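These figures come from a predicted structure and were not determined experimentally.
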Amino acid sequence: MQLHNTATGHKEQFEPQDPQRVTMYVCGPTVYNYAHIGNYRPPVVFDVLARVLRRRYPGVSYARNITDIDDKINAAAAREGVEIGVITSRYAAAFHEDLAALGVAPTDHEPRVTEHIPQIIAMIERLIASGNAYAAEGHVLFQVATYADYGQLSRRDTREMLAGARVEVAPYKKDPGDFVLWKPSTPDLPGWDSPWGRGRPGWHIECSAMAEALLGDTIDIHGGGHDLVFPHHENERAQSTCAHGGQVFARYWLHNGFVTMNSEKMSKSLGNVLLVREMLKHAPGEAIRLGLLTGHYRQPLDWNDDTIPDARRKLDRLYGALRDAGAVAPSDAKAPEAFVAALEDDLNTPAALAELFELARTLNKAESAEEKSRLAAQLRDAGSLLGLLHQSPQAWFALPSAHGDGAPAAAEIEGLIAQRADAKKAKNFKEADRIRDELKARGVLIEDSAQGTRWRYVDA
RNA sequence: GGCUCGAUGGCAGAGUGGUUAUGCAGGGGACUGCAAAUCCCCGUACGUCGGUUCAAUUCCGGCUCGAGCCUCCA
């Protein structure tokens, strides 16, 4: 398998340290509000990677954290006048609901920062002992100058960075680039007792500590959004490497590109944030997932008004092939080589999808029962690697369309189809066509097939 | 200003030093009472200017435009 490693800037052959236990850590959300479509690109992309790895290796240990202590959470809690737990449990639950709708499988571990405070404190103590960190005025800071490789992951020159000095330099910092590992909490803020007084962890140290606790000193794959390369991952790398006596922290760094909205960054200030829970009111989760997988994960993905309808029509085609195959005998045929090869080539989902459509075409043309059975199984298995095609075609086609609110219910549709069948039998095609046109106007498309008339909701 | 990554047909989006994926949309045909679905066939591409080469969309350089990071951010 080939993976693009941010640390080297190249695609590399992936060789796990231990094929019995491939380890992957992906930065998860800070739960202080509802997440938008861009926030779900990493969970979906790395979910596919986990599926591909699990197929190839006997053991995979995948961790994705939930950050449940953070200044934005504190601010949200203060605004509502509640404990931070109210905020974090609400948005963590929403995150899980969205993930389920998007077909993202649970990870092996989902560590929370508030459950790893002792590990975080212990790691900070080690960094102080090793001379990489220092305490000052209730803070503990990582001293960047003690780690010669700092800046290597993000390919930044620290001297130039510091010269740029857009960071406000706190008086307790030895160097402007030093970043906080622990900061003091005032009595009104959440905090934990520590050797440096009551306080809370900085943002970067949590991931280092949780990755160590769950996956060990050196992990195989570390993933996240492209924006995390600097400073978050650069800092994680510095902390973990120094805390582990110079051992490599992550062997492969993977970063996904951003989702843009009509070519603009998605941000609250631009007012173009698309919340997944809002999208789910009008679109199947499976279509949203496919939308996120239509582009290569490292490229920016532009989300526009056509993305969901396009994804829906693609799924119509794939599910249509499965439906037309009919009730075929079960087969344990696996995804085709070319399909798996595409995914193992740095997770080339567009190329894999092309193979999926080739498979659907072949299935549509298949004549023998054995061939249909085998191809349908292959299509299902390939789909499962992408986390798609897990439902029955009947269930898929019965999903309401974007304009489903005004569409007739299934019972009414079946009644009209029966009337139309009678009209057809009597060769009253005018009446039959009238019924079909009426249904079409109301968002229902009907199709006559050898197995009888079937219907589905369509976008108006 | 520094760094990173892009620029492919109407839209989305892979890939390749010479034969130009895939899906949607469009055109033609088969099938159908008519449609739809399905199958077959067909247009419209590789930002721009140079360079390397027998040959470049593909390699190199300049330019233009775009996205991201340098500050919380998936």
Checking B/G13, B/A74, B/U22 against the side chain of A/P350 (C-beta onward), the nearest is B/G13
Return the NE2 to CG distance between A/H296 and A/N348, rounded to the nearest 0.5 Å. 6.0 Å
Does a distance-only test, which skips hydrogens and angles, find a donor-acceptor pair under 3.5 Å between the side chain of A/D227 and the base of B/C70? no
Between B/A25 atom C1' and A/I308 atom CD1, what is the distance in whole Å? 18 Å
Assign each of A/K314 and A/H204 the nucleotide of RNA chain B bearing its closest heavy atom; nearer the 5' end lies the nucleotide of A/K314
Check whether the side chain of A/R436 and the base of B/C34 form a donor-acceptor pair under 3.5 Å. yes
Base paired to B/G33 (Watson-Crick or G-U; both N/O distances under 3.5 angstrom): none
Selection from B/C39, B/A74, B/G33 that lies nearest to any side-chain heavy atom of A/K365: B/C39
d(CG, A/D305; P, B/C11) in whole Å: 15 Å
May I ask you to say what A/K427 touches in the nucleic acid, namely base, sugar-phosphate or nothing, with a heavy-atom cut-off under 4.0 Å? nothing
Could you check which of B/A14, B/U38, B/C3 has an atom nearest any side-chain atom of A/D324? B/U38
Integer-rounded Å distance: B/C3 C1' and A/Y150 OH: 14 Å
Hey, are A/Q2 and A/E344 close enough side-chain-wise for a donor-acceptor pair under 3.5 Å? no
Do A/H109 and A/S61 have side-chain atoms, one donor and one acceptor, less than 3.5 Å apart? yes
Taking the same atom, P, in B/C46 and in B/A21, what whole-Å distance lies between them? 14 Å
Looking at the side chain of A/A351, which of B/C69, B/A37, B/A14 is the nearest nucleotide? B/A14
Taking atom C1' in both B/A25 and B/U32, compute the distance separating them and give it to the nearest angstrom. 23 Å
Any A/R361 side-chain nitrogen or oxygen under 4.0 Å from OP1 or OP2 of B/C40: yes
Watson-Crick or G-U wobble partner for B/U16, using a 3.5 Å limit on both distances? none
For the P atoms, the ones on B/U58 and on B/G62, what distance do you get once it is rounded to whole angstrom? 15 Å
By nearest-heavy-atom nucleotide on RNA chain B, the more 5' of A/G9 and A/P42 is A/G9
Roughly how far apart, to the nearest Å, are B/A35 and B/C31 at atom C1'? 12 Å
Using Watson-Crick geometry (N1-N3 plus N6-O4 or O6-N4) or G-U wobble (N1-O2, O6-N3), each under 3.5 Å, B/U44 is paired with none
Considering only the P atoms, how many Å lie between B/C65 and B/G26, rounded to the nearest integer? 36 Å
For B/G61, is chi within 90° of 0 (syn) or not (anti)? anti
I need the CG-C1' distance between A/D306 and B/G10, as an integer number of Å. 11 Å
For A/T294, answer base if it contacts any base atom (sugar-phosphate contacts may also be present), sugar-phosphate if it contacts only those atoms, and nothing otherwise; contact means non-hydrogen atoms under 4.0 Å. sugar-phosphate
Taking atom P in both B/U57 and B/U8, compute the distance separating them and give it to the nearest angstrom. 15 Å
Is any side-chain N of the basic residue among A/K314 and A/D310 closer than 4.0 Å to the acidic one's carboxylate O? no
Return the nucleotide paired to B/G61: Watson-Crick means purine N1 to pyrimidine N3 with N6-O4 or O6-N4, wobble means G-U with N1-O2 and O6-N3, both under 3.5 Å. B/C49
Do A/R323's NZ or CZ and the ring of A/F397 fall within the cation-pi criteria of under 6.0 Å and 45°? yes
Residue matched to B/A56 through Watson-Crick or wobble contacts both under 3.5 angstrom: none
Where the side chain of A/L445 is concerned, which of B/A36, B/C11, B/C70 is the nearest nucleotide? B/A36
Starting at atom CD1 of A/I435, determine the distance to atom C1' of B/A36, rounded to an integer number of angstrom. 16 Å
Look at A/R456 and B/A36 and indicate whether a side-chain polar atom (N or O) is within less than 4.0 Å of OP1 or OP2. no
Counterpart base for B/A21, defined by Watson-Crick or G-U wobble contacts under 3.5 Å: none
Check: A/Y40/A/D98 side-chain N/O donor and acceptor closer than 3.5 Å: yes
Short side-chain N/O contact from A/R317 to OP1 or OP2 of B/U38, under 4.0 Å: yes
Give the rounded distance in Å between these two atoms: CD of A/Q451 and C1' of B/U38. 12 Å
Of all the choices, B/A37, B/C70, B/G13, which nucleotide is nearest to the side chain of A/E447 once you look at every atom? B/A37
For B/C69, give the paired nucleotide (Watson-Crick: N1-N3 plus N6-O4 or O6-N4; G-U: N1-O2 and O6-N3; both under 3.5 Å), or none. B/G2
Taking only the side-chain heavy atoms of A/R454 (C-beta and beyond), determine which of B/A74, B/C11, B/A37 contains the nearest atom. B/A37
A/F258 aromatic ring stacked with six-membered ring of B/A74, 5.5 Å and 30°: yes
Expressed as a whole number of angstroms, how long is the span from A/E438:CD to B/A36:P? 19 Å
Indicate, with a heavy-atom threshold strictly under 4.0 Å, whether A/I446 touches base, sugar-phosphate, or nothing. base
Quick one: is B/A74 close enough that its OP1 or OP2 comes under 4.0 Å of any side-chain N or O from A/N39? yes
Per A/R155 side chain, nearest of listed nucleotides B/U4, B/U22, B/G33: B/U4
Is it the case that B/G15 (base atoms only) and A/N348 (side chain only) share a donor and an acceptor within less than 3.5 Å, ignoring hydrogens and angles? no
Does A/G38 reach a base, just sugar-phosphate, or nothing at all? Heavy atoms under 4.0 Å. base
Can you tell me how far the CD atom of A/E206 sits from the CD1 atom of A/I66, to the nearest 0.5 Å? 11.5 Å
Could you work out which one of B/G23, B/A21, B/C34 sits closest to the side chain of A/D433? B/C34
Please state the C1' separation for the pair B/G28 and B/G15 - nearest whole angstrom. 29 Å
Contact class for A/H232 (heavy atom, under 4.0 Å): base, sugar-phosphate, or nothing? nothing
Would you say the side-chain atoms of A/D346 and A/Y297 include a donor-acceptor pair closer than 3.5 Å? yes
Same-atom distance (C1') from B/C24 to B/C34, integer angstrom: 25 Å
Can you tell me the distance, in whole Å, between the CD atom of A/E358 and the C1' atom of B/G15? 14 Å
So does A/R41 reach the base of B/A74 with its side chain, donor to acceptor, closer than 3.5 Å? no
Do A/E286 and A/Y319 meet the criterion of a side-chain donor-acceptor pair at a distance under 3.5 Å? yes
Using a strict threshold of under 4.0 Å (side-chain N to carboxylate O), is an ion pair present between A/R434 and A/E438? yes
